[in-house]
Amino acid sequence: MDEALRRAGGDSRLLDEVVALATAAIPTSLAAIERAVRAADGEAAANASHALKGMVANFGATAAVEAARAVEQASRQGDLALASERLAEMRARMADVLQELAHARTGVSA
Amino acid sequence: MRILVADDDAVTLKLLAETVARLGHQVTTATDGRQALDVLDGDDPPPLALLDWIMPVFNGPEICRTLRGRLDQPLATYVILVTARSRSADVVEGLKAGANDYVTKPFDVDEISVRIDLGIRWACLERKLRSRTREVEELTRRLDETERLLPMCPGCRQRRTDERYWTSVMMRMEDGRQREPSCPECVGALVLK
């Protein structure tokens with residue numbers, strides 16, 4: 001979370017805002033990616049994974065970034081079967097991020 | 001200075017917009033390529049834009065190509081692509097599309113601040129240059145007009161300074177015909193021949 005705080009210019013109020021934004025956006029993005037993979041829409045799945053990757057990168061969540069990158073690459077190549085396989089790893093890593101964000105929110109409000 | 005920040009990721013958009021605001025600039029935001037292009041293609045486009053690469057409707061490079069392709073673009077916009085695409089080939093593609101600069105995500109606050117400052121300096125210089133160019137064009141036009149009125153001897157190509165020139169100008173204005181175009185020296189030399 002230090003990385004995100006630095007990116008927020010040391011502004012804990014701003015950090016709290018972006019933590020809230022990410023907490024709301026990550027589940028929505030995951031659902032959109034899963035829908036796109038199920039619909040075999042490689043471009044939509046790749047673009048949504050790319051956006052999610054960029055979002056969690058702001059929090060220094062390296063494992064989540066790599067998991068999203070794997071789904072993005074498979075989707076971009078049109079290999080939706082592989083993308084579907086890699087979704088599970090991405091979901092798990094995003095759950096870790098959400099947990100960290102929840103801790104950060106508790107920390108800010110405490 | 002007004003700066004457009006366009007990104008479809010709400011977190012990056014918020015962080016970038018706040019960074020720009022902290023630098024003392026006015027921020028306009030867009031969440032897709034259509035909104036971004038509408039702002040940049042409007043009557044008063046911002047001189048600087050931070051554009052994400054992958055956005056719905058139009059991506060960053062498509063927006064750059066559209067802007068650079070417009071001959072009637074009233075003011076050049078300095079574009080910084082801010083993207084997670086970090087391969088050399090991506091940088092080359094982005095800059096070839098017409099972006100002025102390229103920053104990779106996740107962005108570093110100090111780096112992007114310096115690059116924004118650089119872009120603003122460029123945008124100010126561009127504005128000054130355009131303004132000066134317009135002034136020079138206007139002065140050249142006025143000079144051309146004056147040159148057409150100034151007397152010149154077709155023989156020696158010297159400017160005539162004799163008093164009779166003004167009589168000649170008046171006569172020319174009255175009946176449209178050129179009178180005594182040569183300077184007194186050339187007329188004298190002709191008579192002597």
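Residue numbers begin at 1 in each chain, while the letters A, B, ... track the order of the sequences.
In A/E3, the CD atom is crowded: over 12 heavy atoms of neighbouring residues, nucleotides or ligands sit closer than 6.0 Å. Taking a 6.0 Å sphere around CG of B/D144, one finds it holds more than 12 heavy atoms contributed by other residues, nucleotides or ligands. Heavy atoms of other residues, nucleotides or ligands lying less than 6.0 angstrom from CZ of B/R132 number 12 at most.
With a 4.5 angstrom heavy-atom cutoff, B/T12 touches chain A via backbone and side-chain atoms both. Interface remark: A/A25 contributes no atoms to any contact with chain B (heavy atom separation under 4.5 Å). The parts of B/V11 that come within reach of chain A are both its backbone and its side chain, each placing non-hydrogen atoms under 4.5 angstrom from that chain.
Under the 30°/60° scheme for interplanar angles, the aromatic rings of B/W122 and B/Y78 are found to be tilted.
With chain A as the partner, the residue from B/T83, B/V109, B/I54 showing the most heavy-atom pairs under 4.5 Å is B/I54. Comparing A/V65, A/V19, A/V18, A/D11 by how many heavy-atom pairs each has under 4.5 Å with chain B, the most go to A/V18.
Under the 3.5 Å distance criterion, the side-chain polar atoms of B/D108 are matched with a main-chain donor or acceptor of B/E111.
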